[in-house]
> 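Here's a structure for you.
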Amino acid sequence: MLSGTALKILDVLCSQQGATAKELAAETGHSRKQIYRVVDDLLEANLVDESRQHHNQRLVRATDDPVVEAYRHLTSKLSHVDWSELLSPATIRVCWYLDEPRRITAIAARLGITRQAVHKALGPLKNRAMLAPSGPEYALSDELQPLRDFAQEVVTHEHRTRVRTLAPSATIEWCDPTRALVQVQTADDTDALQHAPAWDMTGLAAFHTYDLQFFLAGEPAFWYAPDDQLTPADLVCHTLVLEAGSRRVSYAMLLIEQEQISEAELIETAMWYGIEDEIEQMYRFIKGDLDATDDRGPSIPNSQEYAALKDQYKVA
């Protein structure tokens, strides 16, 4: 995550063609030693690059990485705010969740931190009247969408950097500050993630754990959530996030019925992926509340076809 010093460096580099370590130290007020350390981190993250001038002096420039571009947009739209002073790594993480009103307890549970830590991270935003409170819930005010976009890019970049050190072909299909759903394109990358700690195979490839074996076209998906156990509810959501066609929906419903996943549990999980409406519709179909043709939605299977699929896989 980006520190305040890193953001100060980006402030300088986003407003000019480049700067030396001496110039960055003068502009930011930090020691040259600290500037070198943070610049090295930014280089490794591909947020800056450098060239050599006379006497082997380093000239640092900002790249066009999406994180840098999102920060440019944020600082141009809200130039009156000193973001390097306002944003800590914890505040950036919490901002990821503020796209809609959320309770402090929910954010704390997802991040695995205390409610006091969430309040502390939100403190600088509260002091600047940047939050839109609604009862016990908080969200970013409408004009702060660039901040939400920046937080999203930072979080995605962090996960992308982590996974591509192991699997260069990996793409991020969904993520939050502590979890990531990724897809890989090569057998070598599949093998690397299968043997890496904190990574679990997910989606259709993991249904075999529950005696449901399907043909898998391409490489499997993987789930990074080192502090959480992969649950059947997670598998259903990951399958639908990756692809929500009628066949995938049918397979997901087989798992729901076979493992008797409660509707309340699955909807609570689905809310983080923004697919709770689809899950509710699937349960309506399972309960027989949907008409077989007129009101089943584009991804809900035909009743007769689904019954035949249940019979084929011996799901009661």
Side-chain angles (χ1 to χ4, degrees), residues 1-2 41-49 63-70 96 149-255 269-270 272-275 278-279 298-299 301 309 313:
M1 280 289 179
L2 290 170
D41 290 340
L42 293 172
L43 281 166
E44 186 175 355
N46 196 39
L47 301 182
V48 303
D49 57 27
T63 68
D64 59 357
D65 185 275
V67 171
V68 178
E69 292 305 299
W96 190 96
D149 294 341
F150 174 62
Q152 180 68 66
E153 291 295 349
V154 172
V155 167
T156 302
H157 183 278
E158 185 178 53
H159 286 299
R160 186 186 300 116
T161 300
R162 177 186 296 109
V163 68
R164 286 188 178 168
T165 61
L166 301 168
S169 72
T171 56
I172 306 296
E173 302 298 326
W174 180 91
C175 66
D176 74 8
T178 60
R179 304 159 186 81
L181 175 65
V182 307
Q183 189 82 57
V184 298
Q185 307 302 320
T186 71
D188 286 345
D189 286 352
T190 293
D191 185 65
L193 292 184
Q194 280 182 307
H195 292 90
W199 290 93
D200 293 306
M201 191 179 292
T202 190
L204 286 185
F207 277 43
H208 70 87
T209 305
Y210 303 94
D211 298 320
L212 294 171
Q213 186 76 48
F214 306 119
F215 171 74
L216 185 68
E219 301 300 322
F222 288 88
W223 178 237
Y224 175 82
D227 298 324
D228 297 329
Q229 183 178 1
L230 186 65
T231 68
D234 290 323
L235 288 182
V236 169
C237 291
H238 298 167
T239 299
L240 299 179
V241 168
L242 291 165
E243 181 187 327
S246 178
R247 199 69 175 172
R248 291 287 184 112
V249 170
S250 297
Y251 293 153
M253 290 195 300
L254 289 181
L255 184 60
T269 302
W272 296 103
Y273 301 91
I275 59 170
E278 290 86 341
I279 296 298
S299 297
L309 195 65
Y313 284 95

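Source: prediction; values computed, not measured.
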> Out of curiosity, T178 OG1 to D227 CG, how far, rounded to the nearest 0.5 Å?
7.0 Å
> Sort and list the pairs that fulfil salt bridge (charged side-chain N to carboxylate O under 4.0 Å, His left out) and have at least one residue in residues 199-221, not counting sequence neighbours.
none
> Nearest heavy-atom pair of Q152 and C175: which atoms, and what distance?
NE2-SG, 3.9 Å
> Under the rule for side-chain hydrogen bond (donor to acceptor under 3.5 Å, both in side chains), what residues qualify as partners of D65, not counting sequence neighbours?
none
> Once ring pair (Phe, Tyr, Trp, His ring centres under 6.0 Å) is applied, do any residues pair with Y273, and if so which ones, sequence neighbours excluded?
W174, H238
> Could you work out, with salt bridge (charged side-chain N to carboxylate O under 4.0 Å, His left out) as the rule, every residue matching E278, not counting sequence neighbours?
none
> Applying ring pair (Phe, Tyr, Trp, His ring centres under 6.0 Å), name anything that partners W96, two or more places apart in sequence or on another chain.
none
> So, using side-chain hydrogen bond (donor to acceptor under 3.5 Å, both in side chains) as the criterion, who are the partners of S250 when residues are at least two apart?
none
> So, for L193 and W199, which heavy atoms are closest and what is the spacing to 0.1 Å?
O-CB, 3.6 Å
> Between T190 and V184, which heavy-atom pair has the shortest distance, and what is it?
OG1-CG2, 3.4 Å
> For the backbone of S246 and the side chain of S299, can you confirm whether one donor and one acceptor N or O come within less than 3.5 Å of each other?
no
> Rounded to the nearest 0.5 Å, what separation is found between the CD1 atom of I172 and the CG atom of L181?
8.5 Å
> Listing request: all salt bridge (charged side-chain N to carboxylate O under 4.0 Å, His left out) pairs with a residue in residues 234-243, at least two apart in sequence or in separate chains.
E243-R248
> Is the closest side-chain heavy-atom distance between I279 and L240 below 4.5 Å?
yes
> Are any of the side-chain heavy atoms of W223 and V182 separated by less than 4.5 Å?
no
> Can you list the residues that meet the ring pair (Phe, Tyr, Trp, His ring centres under 6.0 Å) rule with Y210, with sequence neighbours excluded?
none
> Can you list everything that forms a side-chain hydrogen bond (donor to acceptor under 3.5 Å, both in side chains) with Y251? Sequence neighbours excluded, please.
R247
> Looking at every heavy atom in both A244 and V249, which two are closest together, and how far apart are they?
O-CG2, 3.8 Å
> Could you list the residues that satisfy side-chain hydrogen bond (donor to acceptor under 3.5 Å, both in side chains) with E69, not counting sequence neighbours?
R72
> Indicate the atoms forming the closest heavy-atom contact of S169 with T186, along with that distance.
OG-N, 3.7 Å
> Mind jotting down which residue pairs meet the salt bridge (charged side-chain N to carboxylate O under 4.0 Å, His left out) criterion with at least one end in residues 151-163? Sequence neighbours excluded, please.
R93-E158
> Can you tell me how far apart CG (L204) and CG (L242) are? Round to the nearest 0.5 Å.
8.5 Å
> Mind jotting down which residue pairs meet the salt bridge (charged side-chain N to carboxylate O under 4.0 Å, His left out) criterion with at least one end in residues 179-192? Sequence neighbours excluded, please.
D176-R179, R179-D228
> Nearest 0.5 angstrom please: L2 CG to F150 CZ, how far?
5.0 Å
